[in-house]
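Working notes, beginning with the structure itself.
Note that ligands are numbered from 1 as they come in the structure, with each ligand's atoms numbered from 1 the same way.
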Amino acid sequence: MSHHISLATPHMSKEGYELEYVHDAFEKNWVAPLGENVNEFEKAVLSYTGACSAVALSAGTAALHLSLILAGVQKGDTVFCQDLTFSASANPIVYLGAEPIFIDSERESWNMDPRALEKAIDLYGVPKAVIPVHLYGNPAKMDEICRICDHYGIALIEDAAEALGSRYKDKPCGTLGKYGVLSFNGNKIITTSGGGMLLCEDEKDAKHALKLATQAREPFPYYQHEEIGYNYRMSNICAGIGRGQMKVLDRRVRKKQEIYRQYSKELAGLPLTMQPLREHTLSNCWLSSALLDKNSSRTPTEVIATLAQNDIEARHLWNPMHRQPVFKEARFVAVEEHSVATDLFERGICLPSDTKMTEDDVDKVCKIIKGLF
Ligand SMILES: *Cc1c(COP(=O)(O)O)cnc(C)c1O
């Protein structure tokens, strides 16, 4: 009998940790954005990542928005953002009336090309912030990107929404920049049903973020507001799910990496390559992704459609931001004549990487793909 195979879905612990913490919140009537689960979830992420301070929020997008505010981004400023990413990396720049300038990818990790970042500074001056992404969990070239940001004094916002559990030279992703953004959306490596977290190098920033996320109330005996606030705090119910999920994060990372290894082995010999993993980095392999060769007889659309006919979900890579109608006015900087991000998009496929998949499931996906060549 065949069953549906998904790209990535929520995967609760078999021990039921998440439900215990949610139940506890009900018992204590802490069903608001206040309570033990929120604090303990933040502590668990802090101890896992070694970050200095953390604020649990309603979404990764909210964490990006607040990090841009903390970086001082205002109307008319420019922010350099990775081109090959999900739109949530770029949207908050526009919320603030700032201008996103998109930076092309390199081929070794598929992330922000440090050479294109340098070129963008030469062309358009020093931006208020830079947002690299660790695509599908694969760490960007952070040494080079950090060096450039340090040199010019630019705030580095690490979009680690897909990369909890990944490491760059033994440093956890999310802790490499001034600000780190995590997401616990339903399809991410762990989930809170929906949520995010902002990691800060500086505890003062975290305090400010917490205030902004809770309607920016000043410490007065009555309601006093001196800056614009947001309702971005994570609920104690969601944080209960997160607390339970933190206990199985390492298990999920190991499983994702096994899935990646199995694809690499079984698809070897076909006209495709897997997203390259670099030395001294550790990807959580959130989504195993493959790139069809330039002379491949098949397109990603054909492969995805064939898998869909077999009730298997696969997807295109993110469609680069500079190609999006909504960003058609935005500037884009590349060092190669043809955009690398576009080339990756045109040939890339995200393969099903659900941690509930068995070896046989991965094998089935591989057999169907092999049948196409
Ligand atoms: C998921 C994701 C986000 C947004 O996170 P939400 O929690 O869904 O708001 C931002 N950036 C990237 C790269 C993502 O994959």
Side-chain angles (χ1 to χ4, degrees), residues 7-10 33 41-42 45 54-69 79-96 100 102-103 105 109-112 129-140 142 145 156-166 173-174 176-177 179-199 209 213 230-235 238-239 241-242 245 252 256 275 283-289 315-322 324 326-327 341 344-345 348 350 353:
L7 195 72
T9 56
F41 181 40
E42 286 173 347
V45 174
V55 185
L57 300 167
S58 54
T61 310
L64 277 157
H65 189 186
L66 294 183
S67 66
L68 289 165
I69 295 172
V79 174
F80 294 173
C81 179
Q82 182 161 323
D83 185 51
L84 187 61
T85 185
F86 181 46
S87 61
S89 304
N91 285 337
I93 302 167
V94 181
Y95 300 168
L96 292 167
F102 296 111
I103 311 293
S105 284
S109 78
W110 297 5
N111 295 303
M112 182 179 280
V130 168
I131 310 178
V133 183
H134 307 301
L135 217 59
Y136 310 122
N138 201 29
M142 292 308 287
I145 293 169
L156 178 55
I157 299 172
E158 205 192 338
D159 184 344
E162 304 175 358
L164 179 58
S166 298
C173 287
L176 298 152
Y179 307 104
V181 169
L182 303 176
S183 168
F184 309 109
N185 189 32
N187 59 2
K188 297 285 153 69
I189 189 130
I190 60 166
T191 184
T192 58
S193 85
M197 201 174 285
L198 177 62
L199 304 179
Y230 300 87
N231 184 5
Y232 276 173
R233 191 70 162 139
M234 180 180 280
S235 97
C238 294
I241 304 174
Q245 288 267 279
R252 299 292 176 263
K256 293 274 194 190
Q275 182 180 23
S283 173
N284 68 5
C285 296
W286 172 55
L287 293 184
S288 286
S289 302
R315 287 203 195 156
H316 289 275
L317 301 196
W318 302 124
N319 188 4
M321 291 304 109
H322 82 277
Q324 301 291 348
V326 73
F327 290 124
L344 295 172
F345 166 69
C350 294
S353 309

Which residue supplies the protein heavy atom nearest to [atom], what is that atom called, and how far is it?
atom	value
atom 2 (C) of ligand 1	Lys188 NZ, 2.7 Å
atom 15 (O) of ligand 1	Glu162 OE2, 2.5 Å
atom 11 (N) of ligand 1	Asp159 OD2, 2.8 Å

Heavy-atom distances under 4.0 Å are what count here, so tell me which part of Ala161 touches ligand 1: side chain, backbone, both or neither.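 It is the side chain that gets close, since no backbone atom is under 4.0 Å.
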
Residue [X] vicinity, atoms of ligand 1 by number, heavy atom under 4.0 Å:
X	result
Ala88	3 (C), 4 (C), 10 (C)
Ser183	1 (C), 5 (O), 6 (P), 7 (O), 8 (O)
Val133	13 (C)

Between Ser89 and Asp159, is there a side-chain donor-acceptor contact under 3.5 Å, judged purely by atom types and distance?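 There is such a pair (donor and acceptor under 3.5 Å, judged by atom type) between the side chains of Asp159 and Ser89.
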
Donor-acceptor pair between Ser109 and Asn111 side chains, under 3.5 angstrom: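 Distance-only check passes for Ser109 and Asn111.
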
Taking the six-membered ring where the residue is Trp, are the ring centres of Phe41 and Phe184 under 6.0 Å apart? yes

Using the ring centroid of each side chain, check whether Phe327 and His322 are separated by less than 6.0 Å.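 No - the distance between ring centres of Phe327 and His322 does not fall below the 6.0 Å cut-off.
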
N or O pair under 3.5 Å between [X] and ligand 1:
X	answer
Thr61	yes
Thr85	no
Gly60	yes
Trp286	no

Does Ser89 reach ligand 1, in the sense of a heavy atom lying below 4.0 Å from it? yes

So for Gly195, does at least one of its heavy atoms come nearer than 4.0 angstrom to any atom of ligand 1? yes

Determine, for Arg233 against Glu42, whether the closest basic-nitrogen to carboxylate-oxygen distance falls under 4.0 angstrom.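 A salt bridge links Arg233 with Glu42.
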
Rounded distance (nearest 0.5 Å) linking atom CD1 of Ile157 with atom OH of Tyr179: 7.0 Å

Do the ring planes of Phe345 and His316 sit parallel (below 30°), tilted (30 to 60°) or perpendicular (above 60°)? tilted

4.5 Å side-chain heavy-atom contact, Phe80 and Ile131: no

Is there a side-chain contact between Leu66 and Ile69 (heavy atoms, below 4.5 Å)? yes

